Amino acid sequence: MKFNEKLKNIATYEAGKPIELVVREFGIEPKDIVKLASNENPYGCSIKVQHAVDEILSHMAIYPDDSMTKLKEGLSRRFDVAEDELIIGSGSDQVIEFVMHAKAEGGKILTNSVTFAMYEIYAKHVGAQVIKTKSLKHDLDEFYELYKSENPDVIFLCTPNNPTGDAIDAAVMMEFIAKIDSDTLVVVDGAYMEYAAFKNEAKKVTPKELIKKFGNVIYLGTFSKAYGLGGMRVGYGISRAAIIKELYKLRPPFNITTLSLEAASVALEDEAFVQESIALNFEEMKRYEEFAKEQKIDIIESYTNFVTLCFDETRDSTEISDKLLRRGMIVRNLRGYGMNAIRVTVGTKDQNSRFFELISELL
Ligand SMILES: *Cc1c(COP(=O)(O)O)cnc(C)c1O
C-alpha cells in the first residue's frame, strides 16, 4: 500500500520506556521499577487536583467545555494576558503541531543541534526542512547566521533545552528576537521555565513581555513537567491574538478532555505545591552534581528537573542505560541524539539513592 511520501524518513518518536513494558520484558515487579526517563514531577500533582478529578468522574457523559473558559481564565490571570492570546493543546506538543501546519508547510525550520525531538518529527509531517546549529548549547550568534543564510519560516528556541538542561539568558534572547523579521515565527518553548525561573532570575522569560514586544513570537508552556500532570496532556501557547486565531483553525474540537481541563485549572491554583517540588528538585540535583564530580563524569549545568550525564570513551551510554533497565531503572539514552550521555530525571530522594546505588555498581 502506498502512503504519504513524507512518512518514509520519519522515525517514530520513542517515549521514555513505560513501566508496563519493563514489567513484561524483564519480569520485574512494578514496585521495584524506578522511572527517571520522562522528566515527570516525582512528587505527583497537587492534592487539590486529585479531589477535583474525583468530582469530574460523576459527569463523564457530557462533552468537555470547548471554550475552556475556566482554564483560560486561570492562565490569563497567571500570565496577565488576554484570553484571545491563548491556545490550549493536548500537551504543548499539539501546539507545536499547529504551528508547523500554520507556518512551515513545505518550508524550513531552524533548531538547536540537540533539542526536543518532536520539532523535527512535526516538521517532516509538513515536508519542512530542518536546519540545525552545530553547538550543543543554544548559540544565538550561530542561530542568527543560519537565519540570515537559510531564511527559515520558524525558529525554535527551547529554553531550558531538552535534553541538555541549559538555558538562554532572557535578555540575550530578547535582543536576538529583535533582529528577526516580522514574517519569521519564533517559538519559545518554556516547558521547563518554572524550574529555570526558580534557579536564576536571568533565565526567566515572561510570555507577557515577549508578546508585548514582538508580534512574531509564540511562547509554549505545559502542565506535564512542574505541574505534575504528564498523564493529563495539557499544554498552551501564548501569542498575539492574530497568531492564535490562525492556530485555532487547526484545532480539533474537544481536544482537551473534561478531566484534563479541570486538573490543569486546579493545578494552577496551587502554586505552593509547584514551588515546593521545584525547591526539592534542586536540593536533590546537588546530589547528582556531587556524584558526577566523584565519578569524574561530565554533567551539564541544568535549569530543569533532569540532569544530563556525559560519558567519556571508556564508557558507553547505551550499555549503561540497558544495564540500568534490566535492574528496573529507566533513564533516557541520548545516543540517538549523537551523544554518549544519559538524561536522568531528578526523582525523589529514594529514587535518586537507588539510581546512585545501581549506577555505581556498573561504573
Ligand atoms: C515535555 C516537553 C514538551 C511538551 O510536553 P507535553 O507533554 O506535550 O506538553 C515540550 N517541549 C519540551 C522541550 C519538553 O521537554
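Start at 1 and go down the list; that is how both ligands and their atoms are numbered. Remember, predicted model here, so these are calculated numbers, not experimental data.
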Working for salt bridge (Lys or Arg N to Asp or Glu O under 4.0 Å), residues Arg287 and Glu284 | CA-CA 5 Å; Arg287 297 175 65 202; Glu284 284 296 308; 2.7 Å; yes
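In this structure, the protein non-hydrogen atom closest to atom 4 (C) of ligand 1 is Ser92 OG, 3.1 Å. Nearest non-hydrogen protein atom to atom 14 (C) of ligand 1 is Lys225 NZ, 3.0 Å.
No heavy atom of Phe223 sits closer than 4.0 Å to any atom of ligand 1.
Close approach to Asn162 involves these atoms of ligand 1, each under 4.0 Å from a residue heavy atom: 13 (C), 14 (C), 15 (O). The atoms of ligand 1 that sit less than 4.0 Å from any heavy atom of Arg233 are 6 (P), 7 (O), 8 (O). Of all the atoms in ligand 1, the ones that sit under 4.0 Å from a non-hydrogen atom of Gly91 are 6 (P), 8 (O), 9 (O). Taking every non-hydrogen atom of Ser224 and a distance limit under 4.0 Å, the qualifying atoms of ligand 1 come out as 6 (P), 7 (O), 9 (O).
A donor and an acceptor atom, one from each side chain of Asn255 and Ser90, are nowhere located under 3.5 Å apart. Tyr43 and Asn281 share no side-chain donor-acceptor pair at under 3.5 Å.
Comparing Cys158, Ala191, Gly231, Gly230 by heavy-atom distance to atom 12 (C) of ligand 1, the nearest is Ala191. Atom 11 (N) of ligand 1 has its nearest heavy-atom neighbour, among Leu220, Asp189, Asn305, in Asp189.
Between Phe79 and Tyr236, the ring-plane angle classifies as tilted under the 30° and 60° cut-offs.
Each of Gln295, Glu294, Lys293 was compared with Ile297 under the side-chain contact (heavy atoms from CB on, under 4.5 Å) criterion, and only Gln295 meets it. Of the listed residues (Leu210, Thr184, Ile155), just one forms a side-chain contact (heavy atoms from CB on, under 4.5 Å) with Ile177, and that residue is Leu210.
In terms of polar-atom proximity, defined here as any N/O pair under 3.5 Å, Ser90 makes no such contact with ligand 1.
Remark: Lys179 is positioned above the aromatic ring of Tyr144, its terminal NZ or CZ atom under 6.0 angstrom from the ring centre and at most 45 degrees off the axis.
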